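In what follows, every chain begins at residue 1, and chains take the letters A, B, ... in the order their sequences are listed. Every value quoted in this text rests on a predicted model; they were computed, and no experiment measured them.
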Amino acid sequence: MTRFSEALIPTLRESPADAEATSHKLLVRAGMVRQLGAGLWTFLPAGWRVHRKVEAIIREEMDAIGGQEMLMPVLQPADLWTKTGRVGIEELFKLEDRKGSDLVLAMTHEEAITAHVASEVRSWRDLPKLLYQLQVKERDEPRPRAGILRTREFVMKDAYSFDRDEEGLDRSYEACIGAYDRIFDRCGLSWYRVASDVGMMGGQGADEYMAPCAAGEDEVAISAGYAANVDVAIGTPEPVELPEGRDAPLEVETPGLTTVEEVSGALGVPEGALIKAVPFTGDTGEVVMALVRGDDEVNPILLGNAAGLDLRPSTEGEISDRIGPPGFIGPVGTEVRVIKDSQVTGRGLVCGANAADRHLQGVEPGRDFACEEHDIRRVREGDSAPDGSPIRLEPAIEIGNIFKLGTRYSEALGATFLDEDGRVRPIVMGSYGIGPARIVAALAEQGADEAGLSWPASVAPWQVELVALGKGDDETTRIAADLYRELRDSGVEVLFDDREAGAGQKLTDAELIGCPLRIVVGRKGVEAGELEASWRASGDDFTIPLDQGTVRIGQLVAEMS
RNA sequence: CGGGGCGUGGCGCAGCCUGGUAGCGCACCUGCUUUGGGAGCAGGGGGUCGCUGGUUCAAAUCCAGUCGCCCCGACCA
């Protein structure tokens, strides 16, 4: 299999100075990855072994649901991207060839695959199809970060489904969910499938697969029976005790008090009794006033979806012109569109009076102002999920995503077919991505301890690390070398540390690299007729009789996978 | 794009403020000793101090510009 002395596994005693994330530090220290430039990473042999094992699991599960693997170019004519309207995306790398033709480096492959399917698929009989590839993607990221977590070039498994209609898409989508669930389970990850924002991909539905880890750049709202990206998560907060209602709003003086904290303090009401009015301006110039409880924040994504607009926070000038003095605005008497969070209810609420240094008490939605009602507040730790269980927020890294694309790409690129009635119809598409490198990083984060990495057996670079403590050609070294050959010949993936190095270095490196099972051949053990074995994950150790080494280790390896 | 930080042998760092022959630890090479948690002794190799320009008798050090990298935020199919 692999002799450490002959392999390129450059372990490091210290972390690189610019590393912050655990996975970044440990993957570099374990000699698995190296940086070539910002967001540009090389997988060294040990790291690539892990990556390839993840790929193999992906291939098996995609093939199992009828996926067909293929390979498309990364370098593509810009023309295709003009047709789908994606050529303007800032993250898209653009370049010219020597003839001046416009090219792009693909960030995903919807354009390419749809162009092929458009020219090859004619009839309803040709559908459905599920096609996938493992291919490099290129993205001009504004900020690559955290080692291999967010890079400018990375391998992605991208799959695309092509169906005759929505029902077919639903079936393809469900099949992919099944495959994805199995893939992440088999990789040994802790993961969640969460509802997500459909984003710029458009389409009718989207789920993300998230792996919780400290270095994650997303946040997930999780409870016993609920999981959603915080971007779209909806929870129910603790109710607020409101002051007495009134027959009509009462204007009170609140000189210079513009924050929720100041107003609630001055009036002696809980922050949740205030109505926080947050103005947004749409791409059309329309101003929308979002209302949430004083102790809540507006979730701009939920608000944007509710409003059906692309929104940005309004400027002070827009607020003054269209609503009232900033700091004192409210929904009563305003002429702009008002969208109220469903948690803003009851009598006795407090809001800005749209007059300087004035607030209104005893306000009641519906009676005192008209509005649309949606869930637009940002979820908070401790909220209740729909099933009543408490929500917690966890950082997580996105490891996969699936979209119901619909016909956006097929219409743009003329991917149509003739149905059974002879009508031309656009193919209904789905898109399904997985980032193997992110799985590697998430596993590194999830399994790490003070000593280093710890890989699940299914994706470990080697199943066993065999450490020979002796030096030169003493007896222990010969025994270790014999055991290595036997294990290798019996099909065990074994990393044999045969280096001329001190025991401390070899043992620490074994913990750093994180193979599931470590076997030590040393003088003490050999004198007792034993091999010393230990599990990386639990630290449990035990001995194996020397003469049963190959057989027992073979059994343990079979059991672990 | 806004803010902050860093570029000095392979890695981690000091030196810069106050200009004057480039240093430390680890790693590496040779020899001897050593071998159960990152060994010891002796000898040795390796750096145009990111780059360009300026100031100066003299620049790692001062000035200007530029490139690269990291972190926070914005952004992120």
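Here A:E511 lies in heavy-atom contact (under 4.0 Å) with a base. Among the atoms of the strands shown, base atoms are found under 4.0 Å from some heavy atom of A:D509. Among the atoms of the strands shown, only primed sugar atoms or phosphate atoms (P, OP1, OP2) are found under 4.0 Å from some heavy atom of A:P16. A:G37 comes within 4.0 angstrom of the backbone, heavy atoms only, and of no base. Residue contacts for A:W41: at a heavy-atom cut-off of 4.0 Å it reaches no nucleic acid atom on any strand shown. Residue-level contact check: A:A106 touches neither bases nor backbone, having no heavy atom under 4.0 Å from any strand.
Atom P of nucleotide B:C75 and atom CD of A:E91 are separated by 12 Å, given to the nearest angstrom. A:Q35 places its CD atom 16 Å from the C1' atom of B:G10, with the value rounded to the nearest Å. Distance, A:L507 CG to B:U35 P: 16 Å, rounded to whole Å. Between A:E217 atom CD and B:C72 atom C1' there is a gap of 13 Å when expressed in whole angstrom units. A:E500 has its CD atom 14 Å from the P atom of B:U33, to the nearest Å. Atom CD in A:E530 sits about 15 Å away from atom C1' in B:G36, given to the nearest Å. Taking atom CZ of A:R143 as the reference point, atom P of B:G73 lies 7 Å away to the nearest angstrom. Atom P of nucleotide B:G10 and atom CD1 of A:I9 are separated by 23 Å, given to the nearest angstrom.
The partner of B:C49, taking Watson-Crick or G-U wobble pairs whose two distances both stay under 3.5 Å, does not exist in any strand shown. In this structure, B:U61 makes no Watson-Crick or G-U wobble pair, since no nucleotide meets both defining distances under 3.5 angstrom. In this entry B:G19 has no Watson-Crick or G-U wobble partner, no candidate having both defining distances under 3.5 Å. With both pairing distances under 3.5 Å, B:C24 is matched to B:G12 as a Watson-Crick or G-U wobble pair. Using Watson-Crick or G-U wobble geometry with both donor-acceptor distances under 3.5 Å, B:C1 finds its partner in B:G73. B:G68 is paired with B:C6 under the criterion used here, namely a Watson-Crick or G-U wobble arrangement in which both key atom distances are under 3.5 Å. If you check B:A39 for Watson-Crick or wobble pairing at under 3.5 angstrom, you find it paired to B:U33. B:U56 makes up no base pair with any nucleotide shown, lacking Watson-Crick or G-U wobble contacts both under 3.5 Å.
A donor and an acceptor atom, one from each side chain of A:H109 and A:Q135, are nowhere located under 3.5 Å apart. A side-chain donor-acceptor contact under 3.5 Å links A:D498 and A:S5. Under 3.5 Å, the side chains of A:E110 and A:T114 contain no donor-acceptor pair of N or O atoms.
Annotation: B:C17 and B:U21 have their C1' atoms spaced 22 Å apart (nearest Å). Of the P atoms belonging to B:C16 and B:C72, the separation is 30 Å, rounded to the nearest Å. Nucleotides B:A27 and B:C62 have their C1' atoms positioned 35 Å apart, rounded to a whole Å. Distance noted for atom C1' between B:C13 and B:A60: 15 Å (whole Å). When the P atom is compared between B:A58 and B:C41, the two are found 44 Å apart, to the nearest whole Å. When the C1' atom is compared between B:G4 and B:U8, the two are found 22 Å apart, to the nearest whole Å. Annotation: B:C49 and B:A22 have their C1' atoms spaced 8 Å apart (nearest Å). Taking atom P in both B:U61 and B:A42, one finds a spacing of 36 Å when rounded to whole Å.
Between A:R518 and A:E511 there is a salt bridge, since a side-chain N of the basic residue sits under 4.0 Å from a carboxylate O of the acidic one. Salt-bridge check for A:E297 with A:K276: passed, with a basic side-chain N closer than 4.0 Å to an acidic carboxylate O. Using a cutoff of 4.0 Å between basic side-chain nitrogens and carboxylate oxygens, A:R536 and A:D449 are scored as salt-bridged.
If A:T508 and A:R152 are placed on RNA chain B by their nearest nucleotide, the residue sitting closer to the 5' end is A:T508. Projected onto RNA chain B by closest heavy-atom contact, A:M107 and A:H24 fall at different nucleotides, the more 5' of which corresponds to A:H24.
Looking at the side chain of A:E532, the nearest of the listed nucleotides B:G36, B:A27, B:G37 is B:G36. With B:G36, B:G12, B:G37 as the candidates, the nucleotide lying closest to the side chain of A:R518 is B:G37. The side chain of A:L469 lies closest to B:G36, out of B:G36, B:C69, B:G37. Picking from B:C11, B:G36, B:C26 the nucleotide with the shortest atom distance to the side chain of A:A503 gives B:G36. Picking from B:G37, B:C69, B:G36 the nucleotide with the shortest atom distance to the side chain of A:V520 gives B:G36.
For the pair A:K404 and A:Y173, the distance from NZ or CZ to the six-membered ring centre is under 6.0 Å and the angle to the ring normal is within 45 degrees.
A close approach under 4.0 Å does occur between a side-chain nitrogen or oxygen of A:R523 and OP1 or OP2 of B:G36.
Remark: A:T22 OG1 to A:L149 CG distance equals 10.5 Å, nearest 0.5 Å.
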